*Asks:* 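Pasting in a structure now, in structure tokens, and then I'll have a few things to ask.
The structure displayed is predicted, hence computed values, not measured ones. Throughout, protein chains are lettered first and strands after them, A, B, ... in sequence-line order, and every chain is numbered starting at 1.
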2 protein chains.
Amino acid sequence: MPIGLSVEELKRVDELVAVRRPVKRGAALFHAGEKFTSLYAIRTGFFKTCVNTEDGRDQVTGFQMAGEIIGLDGIVNDQHTCDAIALEDAEVCILPFDRIEEISREVNALQHHVHKIMSREIVREHGVMLLLGSMRAEERLAAFLLNLVQRLQTRGFSKSDLVLRMTREEIGSYLGMKLETVSRTFSKFAEECMIEVSQRNIRILDADALKRIVNPPQHCH
Amino acid sequence: MPIGLSVEELKRVDELVAVRRPVKRGAALFHAGEKFTSLYAIRTGFFKTCVNTEDGRDQVTGFQMAGEIIGLDGIVNDQHTCDAIALEDAEVCILPFDRIEEISREVNALQHHVHKIMSREIVREHGVMLLLGSMRAEERLAAFLLNLVQRLQTRGFSKSDLVLRMTREEIGSYLGMKLETVSRTFSKFAEECMIEVSQRNIRILDADALKRIVNPPQHCH
DNA sequence: CGCGTCATTGATGTGCATCAAGTGGTGTGG
DNA sequence: CCACACCACTTGATGCACATCAATGACGCG
């Protein structure tokens, strides 16, 4: 993950990511309440994380794909605070956290990398708070699609075609809206020729139009 | 901050927190876009952090009080991504981040402490996402009050009386509602004798009732 | 004292939730 | 291989929680 390491350092980091674990679609990588021991780096597959309340509500807090790290929430109390569920067959690297701390004392680049990963997650969540706190349904869904396709693109996938790995309900939970509203908003975007929707296959026809929805152009006052 | 350190370790950590900086009410500790160099530990006073969009919307992402750390969002891109504004005259310790990384390589307790602080922030934000994504106005405000009074209590303040340092609008921004709705909801709680409101002075008369609003009792099915 | 800021309260509007019915794709067992 | 059941999804009709608009009131400060 970090770059510009010496051979020696690379060896230390390599041993960290040695152990892998497959996770079947629908299975949990971990559950809220379980003891925290490791972070997980996604090698393949797609996950969601979600928190639950006693009274049965739950909230999807994120969708994670290859290259991303899951489990950071567990550090503070040595206990996971959310569920991580595979949305398709997946494989992760197990990164024992005490080993991470040990090695980052010696490999500065790893230390800084870990800090950046946690900081990035904090910044991402700020963005979600902005979305949940001040955007309307169309803006939320447009922002969601653009974010998803952008992340897929950096992984070498198409910047226009994507396959949703999650249900409308899961999207709705993440975006703070009901599945019917998600569906209607997809239909509206399709009507306006910004996207094509066929089941979970989405084709983005006019990314700029979506961007204009998220960031409506300034009107001069 | 961490505990159980040797004399030697304590000295290292002490030098970290040597420099202080006063911040006047209404002034910014930092702005989004500024270069990130340090974290800040609040010694006294009260802050808000907020992110802004190009189109002028903004979202309060948190309220911080004595003992809490601000600036974690800046690590990932060496640049702050939100504003930190003092809501009353305040004083912070400046914690140069490169020194933090340096010392945490030698003082394991500090290293782990830093990780916990970042993880705690991630978990806190999960809670806010749950609040914004799935709660109604009354639930949000009740949760907010309970959280605030709980944090004040651990700092030795009353568990029933508190003074809000922020405006209704700032509360609303944090909770994803308009200031009028915040005001109305306060009035409603007061009418139902759960709290007393007089300007920014709040007295909690029935904490259990507030808790029942946040976590409505299960109905057997 | 007068002005600006913040807060309260009422009247009205609307975006999204809720409730409900129906469609299509997928997997399973006879 | 087809019939059936199930699930995710779509779409329409209705309702409600909260936003919006507007007027007034309460502090605090120069």
Side-chain angles (χ1 to χ4, degrees), chain A residues 24-26 46 48 56-60 85 87-88 131-145 163-192 195-202 213 216, chain B residues 24-26 46 48 56-60 85 87-89 131-145 162-192 195-203 213-214 216:
Chain A
K24 280 265 166 239
R25 172 186 165 150
F46 204 95
K48 69 169 177 179
R57 270 184 294 209
D58 77 334
Q59 168 79 23
V60 173
I85 312 288
L87 296 179
E88 59 181 358
L131 182 146
L132 291 173
S134 73
M135 290 186 177
R136 292 169 320 95
E138 290 181 26
E139 300 175 296
R140 295 182 196 194
L141 194 64
F144 171 75
L145 282 177
V163 180
L164 301 174
R165 301 298 169 180
M166 69 295 281
T167 67
R168 303 289 192 260
E169 185 167 19
E170 286 161 338
I171 296 172
S173 172
Y174 182 58
L175 299 179
M177 48 208 258
K178 295 285 123 168
L179 70 94
E180 293 95 328
T181 306
V182 174
S183 179
R184 274 185 243 274
T185 309
F186 273 136
S187 300
K188 178 147 191 288
F189 287 171
E191 235 167 64
E192 296 171 358
I195 63 175
E196 275 174 23
V197 182
S198 165
Q199 304 292 118
R200 297 199 180 174
N201 303 291
I202 307 282
I213 289 185
Chain B
K24 280 268 164 239
R25 172 186 166 152
F46 204 93
K48 69 169 177 180
R57 269 184 295 210
D58 76 334
Q59 169 78 24
V60 172
I85 312 287
L87 296 179
E88 58 181 359
D89 289 354
L131 181 146
L132 290 173
S134 75
M135 291 187 176
R136 292 169 320 94
E138 290 181 26
E139 300 173 298
R140 294 181 197 194
L141 194 63
F144 171 74
L145 282 177
L162 65 153
V163 178
L164 301 174
R165 301 297 168 180
M166 69 294 282
T167 66
R168 304 288 193 261
E169 185 167 19
E170 285 162 339
I171 296 173
S173 172
Y174 182 57
L175 299 179
M177 47 206 259
K178 295 285 122 169
L179 69 95
E180 294 94 328
T181 307
V182 174
S183 179
R184 275 185 241 274
T185 309
F186 272 136
S187 300
K188 178 148 189 290
F189 287 171
E191 234 167 66
E192 295 170 359
I195 63 175
E196 274 174 24
V197 183
S198 164
Q199 305 292 118
R200 297 197 181 174
N201 302 290
I202 306 281
R203 170 169 295 158
I213 288 186
V214 178

*Asks:* Flag the pair B:Arg184 and B:Glu180 as a salt bridge only when some basic side-chain nitrogen lies within less than 4.0 angstrom of an acidic carboxylate oxygen.
*Replies:* no

*Asks:* Just the rounded figure in Å: distance from C1' of D:dC18 to CZ of B:Arg140.
*Replies:* 10 Å

*Asks:* Quick one: which of D:dT10, D:dT11, D:dT20 gets closest to the side chain of A:Arg184?
*Replies:* D:dT11

*Asks:* From CG of B:Leu175 over to C1' of D:dC18, roughly how many Å is that when rounded to an integer?
*Replies:* 14 Å

*Asks:* Check the distance between D:dA19's P and B:Arg57's CZ and give it to me in whole angstrom.
*Replies:* 14 Å

*Asks:* Assess the residue pair B:Arg168 and B:Phe186 against the criterion (side chain to side chain contact (heavy atoms under 4.5 Å, CB included)); give the C-alpha distance rounded to whole Å, side-chain angles, the decisive distance to 0.1 Å, and a yes or no.
*Replies:* CA-CA 10 Å; B:Arg168 304 288 193 261; B:Phe186 272 136; 3.6 Å; yes

*Asks:* Compare every heavy atom of B:Tyr174 with every heavy atom of B:Leu132, then report the nearest pair and how far apart it is.
*Replies:* CD2-O, 3.7 Å

*Asks:* Among D:dC18, D:dA19, C:dC16, which is the nearest nucleotide to the side chain of A:Ala137?
*Replies:* C:dC16

*Asks:* Has A:Arg200 got a side-chain N or O lying under 4.0 Å from the OP1 or OP2 atom of D:dA8?
*Replies:* no

*Asks:* Just compare D:dC18, D:dT10, C:dA17 and give me whichever is closest to any side-chain atom of B:Arg136.
*Replies:* D:dC18

*Asks:* Calculate the interatomic distance between A:Leu132 atom CG and C:dG15 atom P; express it in whole Å.
*Replies:* 19 Å

*Asks:* Between A:Phe189 (CZ) and D:dT10 (C1'), how many Å, whole number?
*Replies:* 16 Å

*Asks:* Kindly determine whether A:Thr185 and A:Arg140 satisfy side chain to side chain contact (heavy atoms under 4.5 Å, CB included), including the steps that lead there.
*Replies:* CA-CA 10 Å; A:Thr185 309; A:Arg140 295 182 196 194; over 6 Å; no

*Asks:* Start with the C-alpha distance between A:Glu170 and A:Leu87, add both sets of side-chain angles, then the distance that settles side chain to side chain contact (heavy atoms under 4.5 Å, CB included), and finish with yes or no.
*Replies:* CA-CA 10 Å; A:Glu170 286 161 338; A:Leu87 296 179; 3.8 Å; yes

*Asks:* Identify which nucleotide among C:dT8, C:dT9, D:dT10 has an atom closest to any side-chain atom of B:Ser187, counting heavy atoms from C-beta outward.
*Replies:* C:dT9

*Asks:* B:Arg168 side chain N/O closer than 4.0 Å to the phosphate oxygens (OP1, OP2) of C:dA7?
*Replies:* yes

*Asks:* Rounding to a whole Å, what distance do you find between B:Met135:CE and D:dA17:P?
*Replies:* 17 Å

*Asks:* Taking the side chain of B:Ser183 as its heavy atoms from C-beta onward, which of C:dT18, C:dC16, C:dT9 lies nearest to it?
*Replies:* C:dT9

*Asks:* Can you tell me how far C1' of D:dC7 sits from CG of A:Leu179, to the nearest Å?
*Replies:* 12 Å

*Asks:* Can you tell which of C:dA17, D:dT20, D:dT10 lies closest to the side chain of A:Lys178?
*Replies:* C:dA17

*Asks:* Is the phosphate of D:dA19 approached by B:Thr181 (side-chain N or O, under 4.0 Å from OP1 or OP2)?
*Replies:* yes

*Asks:* Return the value, rounded to whole Å, for the distance between atom NZ of B:Lys188 and atom P of C:dT8.
*Replies:* 16 Å

*Asks:* Ignoring the backbone of A:Glu180, work out which of D:dT11, C:dA7, C:dG25 is nearest its side chain.
*Replies:* D:dT11

